Number of protein chains: 2
Amino acid sequence: MKSARAAVLPPEPAGSQVEAAYWRLRQEIICGNLAPSAKLRIDLLRQSYGFGASALREALSRLVSDGLAEAEAQRGYWVAPISREELNDITMARQSVEVEALRQAIRFGTLEWESGIVAASHSLERVETSMVKPTPETVAGWEHANRQFHMALIAGCPSRWLLRFTASLYDQWQRYRHRTVLRRAIPRRGLSADHKELIRLTLAREADAACAALSRHIEDTARKAEAAIFESIPIKAGPNSARRKSGKA
Amino acid sequence: MKSARAAVLPPEPAGSQVEAAYWRLRQEIICGNLAPSAKLRIDLLRQSYGFGASALREALSRLVSDGLAEAEAQRGYWVAPISREELNDITMARQSVEVEALRQAIRFGTLEWESGIVAASHSLERVETSMVKPTPETVAGWEHANRQFHMALIAGCPSRWLLRFTASLYDQWQRYRHRTVLRRAIPRRGLSADHKELIRLTLAREADAACAALSRHIEDTARKAEAAIFESIPIKAGPNSARRKSGKA
DNA sequence: CCCGACCATAAAATCGATATTCTAAGTTTT
DNA sequence: AAAACTTAGAATATCGATTTTATGGTCGGG
């Protein structure tokens with residue numbers, strides 16, 4: 001039981017303080033505990049999470065490179081803002097990059113790749129089936145399983161750069177979707193028709209159809225998130241989200 | 001005269017020590033002064049460039065995110081290695097991402113975008129015309145102008161993410177091409193037929209033809225670099241390029 | 001003679017303290 | 001009254017010293 005649990009929890013490879021700080025902050029940003037556009041004050045984070053100042057600076061640096069945070073010299077760090085425009089941008093970019101990665105995966109993928117898809121979809125199905133109510137823990141497990149599934153789909157792509165970009169975009173996307181997961185109704189039990197079809201077409205190596213299905217899937221989920229975030233009840237924007245729009249000097 | 005010069009020199013926005021260190025190291029890696037796979041020892045860099053240890057660590061962190069360096073916890077930093085495989089990967093990824101960016105630029109580009117292309121191609125032509133012999137300075141100017149030109153081509157693309165990925169890949173590519181520029185014959189005077197055609201098709205908004213031309217251009221230049229680097233005289237690999245291939249613990 | 005554990009050296013990671021820069025409130029001047 | 005200057009406060013950036021961890025050679029045992 002315990003090992004089965006561990007497998008669905010998000011990994012936090014803490015080989016060093018910096019890594020630990022990086023993964024922690026990353027998680028906090030993605031799941032919204034650190035709200036978009038919030039100021040990230042070093043000494044405050046220091047006492048909140050118990051990391052050293054240097055480690056935090058280094059972690060924040062990496063988050064800036066990932067596009068999860070922003071920095072201005074001598075002014076400090078902020079959580080990257082979110083907006084309808086950027087959600088659309090992320091969606092469009094995924095439709096370019098992730099779909100191309102899938103195409104190449106279908107073209108070059110090995111048996112090992114196919115097995116990975118089957119394994120990941122099994123995990124995802126199991127998690128979805130056992131998730132009766134969305135709590136922070138089950139949601140974290142589901143998000144991890146879903147990420148693993150999407151990565152498994154394209155893992156057969158031989159281009160390490162496309163894979164890297166895809167992962168980067170997926171993390172960005174998760175920031176948006178996370179805000180919609182907690183409020184949505186109890187999820188269906190088992191994989192969605194979307195996913196099943198995507199798996200079938202991919203394993204059948206029907207590239208065009210599979211790519212179209214993935215593109216549609218990306219579009220649909222993004223539209224739902226867009227509606228949930230920007231058109232229904234606006235979630236607390238946070239009082240500390242003041243950010244100079246600033247023309248630079 | 002001086003201002004005209006300044007315009008073609010690569011920018012090094014040194015708003016802070018960390019930024020300065022970052023841009024300096026980045027330049028040294030791209031132009032090969034810091035050889036691929038070379039160990040990056042903090043205290044050594046410290047006395048070589050005169051930056052503080054913390055600033056260097058932070059800069060190195062960012063370079064890792066950019067894929068220009070690698071890190072292993074408790075073991076330090078290395079310059080990212082180069083290989084024929086990765087060159088092919090970068091090339092393929094550019095053909096996916098950069099070409100898609102061009103397609104969107106052609107579709108959505110404004111008048112300002114067109115002007116940017118004309119301006120950048122003018123700069124590039126001027127630099128190429130005035131470059132009688134490849135010296136480190138003129139090469140740096142030419143590489144900057146060439147980069148500006150490629151970025152100008154796709155600047156009309158509305159997706160900030162695609163632009164970011166393209167820039168990232170272009171930097172990677174520059175590492176490879178730089179090793180071929182110094183040894184090649186005296187360049188033609190003025191823009192290549194390749195570039196002229198690419199500009200013409202782009203400004204005429206003939207998307208398919210322009211994308212095909214760009215894809216071919218990327219492929220051709222990559223092939224030339226591949227031949228120059230991996231099939232002719234192997235450049236000094238550097239005695240300090242020893243790197244554990246290492247299975248991780 | 002070979003293998004494994006131990007110790008000395010060197011490098012990297014972390015922490016705390018100092019200096020610099022920015023922000024904002026209060027004051028003065030026009 | 002409005003604008004600009006001054007000054008106190010806070011946050012960031014930088015540097016040096018300490019702690020922790022890896023590495024390579026050596027000694028002792030099998």
Side-chain angles (χ1 to χ4, degrees), chain A residues 12-26 34-35 37-65 68-80 238-249, chain B residues 12-25 34 37-65 68-80 238-249:
Chain A
E12 296 185 11
S16 67
Q17 289 286 86
V18 173
E19 286 256 307
Y22 171 75
W23 287 104
R24 179 67 187 276
L25 289 178
R26 176 194 180 86
L34 292 171
S37 301
K39 185 79 175 67
L40 294 166
R41 269 171 44 190
I42 304 277
D43 51 353
L44 228 143
L45 295 174
R46 197 183 143 128
Q47 71 186 83
S48 293
Y49 299 106
F51 294 112
S54 309
L56 281 170
R57 280 190 61 81
E58 215 175 307
L60 287 170
S61 242
R62 289 181 59 182
L63 290 168
V64 170
S65 289
L68 289 170
E70 294 185 350
E72 263 174 87
Q74 264 71 33
R75 307 263 323 275
Y77 295 87
W78 288 263
V79 178
N240 48 358
S241 53
R243 171 79 196 275
R244 282 222 323 230
K245 275 296 174 183
S246 89
K248 303 189 176 183
Chain B
E12 295 183 11
S16 69
Q17 288 288 88
V18 172
E19 287 256 307
Y22 171 75
W23 287 104
R24 179 67 188 273
L25 289 178
L34 292 170
S37 300
K39 185 79 174 68
L40 293 167
R41 270 172 43 192
I42 305 276
D43 50 353
L44 227 142
L45 295 174
R46 197 183 143 128
Q47 71 185 84
S48 293
Y49 299 105
F51 294 112
S54 308
L56 280 170
R57 279 189 63 82
E58 216 174 306
L60 287 169
S61 245
R62 290 181 58 184
L63 289 168
V64 170
S65 290
L68 289 169
E70 293 184 350
E72 263 175 89
Q74 265 70 32
R75 306 262 324 275
Y77 295 87
W78 288 262
V79 178
N240 48 357
S241 53
R243 171 81 195 275
R244 283 218 324 227
K245 275 298 173 180
S246 90
K248 302 190 178 183

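Because the structure is a prediction, the values reported are computed rather than measured. In what follows, chains are A, B, ... by sequence order, proteins preceding strands, each numbered from 1.
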Given protein heavy atoms under 4.0 Å, the one-letter contact record of nucleotides 5-19 of chain C, with B base, S sugar-phosphate only and - none, is simply ------SSSBBB---
With sequence neighbours left out, write down each residue that passes side-chain hydrogen bond (donor to acceptor under 3.5 Å, both in side chains) with B:Tyr22, or none if nothing qualifies.
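Counting only residues at least two positions away or on another chain, B:Tyr22 forms a side-chain hydrogen bond (donor to acceptor under 3.5 Å, both in side chains) with B:Arg26, B:Asp66.
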Check B:Val18 against A:Arg57 and note the closest heavy-atom contact, atom names and distance.
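Minimum heavy-atom contact is CG2-NH2, 4.3 Å.
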In this structure, how many angstroms lie between the C1' atom of D:dA13 and the CG atom of A:Leu56, rounded?
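From A:Leu56 CG to D:dA13 C1': 14 Å.
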Separation of atom OH in B:Tyr22 from atom C1' in D:dT14, rounded to whole Å:
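Taking atom C1' of D:dT14 as the reference, OH of B:Tyr22 is at 20 Å.
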Please report the interatomic distance OG(B:Ser16) to CD(A:Glu72), rounded to the nearest 0.5 Å.
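Result: 12.0 Å between the selected atoms.
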Among B:Leu63, B:Leu45, B:Leu25, whose side chain to side chain contact (heavy atoms under 4.5 Å, CB included) with B:Leu40 holds?
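Output: one option passes, namely B:Leu45.
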Does B:Glu19 come within less than 4.0 Å of B:Arg62, counting only side-chain N to carboxylate O?
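Yes, this pair counts.
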